[in-house]
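What follows is a single structure, written as C-alpha cells, with notes after it.
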Amino acid sequence: MKFDIITIFPKVITEYLTVGVLSNAIKKGIVEVNVHDLRKWTKDNHRSVDDTPYGGGPGMIMKIEPVYDAIKELKKQNTVVALTTPKGEELNQKKLMEYSENTDLHMIILCGRYEGFDQRIHDNLVDYEFSIGEYVLSGGELPALVLVDGISRLLPGVLGNEESLVSESFNDGTLEYPQYTKPEEFNGWKVPDVLLSGNHKEIASYRQSLKKSV
Ligand SMILES: C[S@@+](CC[C@H](N)C(=O)[O-])C[C@H]1O[C@@H](n2cnc3c(N)ncnc32)[C@H](O)[C@@H]1O
C-alpha cells in the first residue's frame with residue numbers, strides 16, 4: 001500500500017512516520033509513505049502555492065496549478081486522490097477498514113492550508129474528500145496522518161499482536177472494555193477483583209458486560 005502526501009510542511013508529517021506502529025509498518029515494507037513539498041511543483045520565483053480569493057474575503061486560497069502538476073506526476077491508473085477538508089465525509093473506522101482491504105491501494109493525500117483549496121481542485125481532481133471531525137484545524141497534515149495511521153494499523157503484519165484489533169473500539173460496533181496494569185492498587189484505587197481471579201471465563205464475561213455500544 002502506498003501513500004503520497006502533498007503538503008507545504010513536510011516536516012510535520014515525516015517526524016510522525018519515524019515512531020511507533022507506522023514506523024514499523026514502513027520498515028517492514030507493508031506501507032510506503034512518500035512526503036512531497038507542494039512547492040516543488042511551483043514555477044514562479046516566489047514558489048507561490050496560494051493567492052487571494054476572487055470576489056474578495058479574508059485569507060488566501062491554495063492555487064490549482066501546482067496541485068494539478070503534482071497529481072499529474074504522481075497519479076497512476078488506480079490512484080485514489082484524497083483531499084482533507086472540514087467539508088468532507090467524516091472519517092470513521094468502517095471507512096478505514098474498507099481502504100485497508102485494498103492492499104494495492106495507492107493514495108495521494110492533499111493537505112490544505114490557509115482558507116483551503118480553489119474549488120476547481122475539489123470539482124475536477126479529487127476522488128475522496130474527508131474530514132476528521134466537525135471542527136477546523138489550521139492544516140490538513142494531521143488529518144492526512146490520521147488517515148494513513150488508521151488504515152496502516154489494520155493491515156496484516158503491522159501490529160505486533162493482531163488480536164488487539166479484535167477487541168478494539170469500533171471493530172464490532174462497541175467501545176473497548178476498560179483495561180488495567182500493575183500495580184494492583186494505587187492511591188487507594190483498586191483493579192477490579194475479577195481481573196485478578198485468573199478465571200478466564202469470568203473475565204471474558206465481565207469484559208463483555210462493560211463493552212459499550214456505539
Ligand atoms: C483553516 S482550514 C480551512 C477551513 C475552510 N476555510 C472552511 O471554512 O471550511 C485549512 C485546511 O486545514 C484542513 N482541515 C482543517 N480542518 C479539517 C478537518 N476537520 N478535517 C480535515 N481537514 C481539515 C484542510 O486541508 C483545510 O484546507
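Each ligand, and each atom within it, is numbered from 1 in the order the structure gives.
The pair Asp172-Lys211 meets the salt-bridge criterion, with a side-chain N (NZ, NE, NH1 or NH2) lying under 4.0 Å from an Asp/Glu carboxylate O.
Arg39 places a side-chain N or O within 3.5 Å of a backbone atom of Arg47 that can act as its donor or acceptor partner.
Residue Cys111 has no N or O atom closer than 3.5 Å to an N or O atom of ligand 1. Taking any N or O of Thr84, backbone or side chain, at least one lies under 3.5 Å from an N or O belonging to ligand 1.
For atom 20 (N) of ligand 1, the closest non-hydrogen atom of the protein is Ile132 N, 3.1 Å. When hydrogens are left out, the protein atom nearest atom 27 (O) of ligand 1 is Gly116 CA, 3.3 Å; that is the closest non-hydrogen contact. Summary of contacts: the protein heavy atom closest to atom 16 (N) of ligand 1 is Leu137 N, 2.9 Å. In this structure, the protein non-hydrogen atom closest to atom 9 (O) of ligand 1 is Pro86 CG, 3.6 Å. Nearest protein heavy-atom contact of atom 19 (N) of ligand 1 is Tyr135 O, 2.8 Å.
Proximity to Val136 (heavy-atom distance under 4.0 Å) selects the following atoms of ligand 1: 1 (C), 2 (S), 4 (C), 16 (N). Per-residue contacts place Tyr114 under 4.0 angstrom from the following atoms of ligand 1 (heavy atoms of the residue considered): 1 (C), 2 (S), 3 (C), 10 (C). Close approach of ligand 1 to Gly140 (heavy-atom distance below 4.0 Å) involves ligand atoms 12 (O), 13 (C), 25 (O). Listed by number with element, the atoms of ligand 1 under 4.0 angstrom from any heavy atom of Glu115 are 3 (C), 5 (C), 6 (N). Atoms of ligand 1 lying under 4.0 Å from any heavy atom of Phe130, numbered from 1 in the order shown and given with element: 21 (C). Within the listing of ligand 1, atoms 21 (C), 22 (N), 23 (C) sit less than 4.0 angstrom from a heavy atom of Pro143. Using a 4.0 Å cut-off to heavy atoms of Ser131, the atoms of ligand 1 that qualify are 19 (N), 20 (N), 21 (C).
Residue pairs meeting the ring pair (Phe, Tyr, Trp, His ring centres under 6.0 Å) criterion with at least one partner in residues 108-134, sequence neighbours excluded, are Tyr99-Tyr128, Tyr128-Phe130.
Cluster membership check: Trp41 does not share its hydrophobic cluster with Phe3, using side-chain heavy-atom separations under 4.5 Å among Ile, Leu, Val, Met, Phe, Trp and Tyr.
Under a cut-off of 6.0 angstrom, the local environment of CD in Gln179 is crowded, with over 12 non-hydrogen atoms contributed by other residues, nucleotides or ligands. Crowding of Glu184 atom CD: a count of heavy atoms from other residues, nucleotides or ligands under 6.0 Å not exceeding 12. Within 6.0 Å of CG in Asp123 there are more than 12 heavy atoms belonging to other residues, nucleotides or ligands. More than 12 heavy atoms of other shown residues, nucleotides or ligands fall within 6.0 angstrom of atom NZ in Lys40. Counting non-hydrogen atoms of other residues, nucleotides and ligands closer than 6.0 Å to CD of Glu185 gives a total above 12.
The nearest protein heavy atom to atom 25 (O) of ligand 1 is closer than 4.0 Å.
Using modelled atom types, one finds no donor on one side chain facing an acceptor on the other under 3.5 Å when comparing Asn92 with Glu90.
The proximity of Thr85 to ligand 1, defined as any non-hydrogen pair under 4.0 Å, is limited to the backbone.
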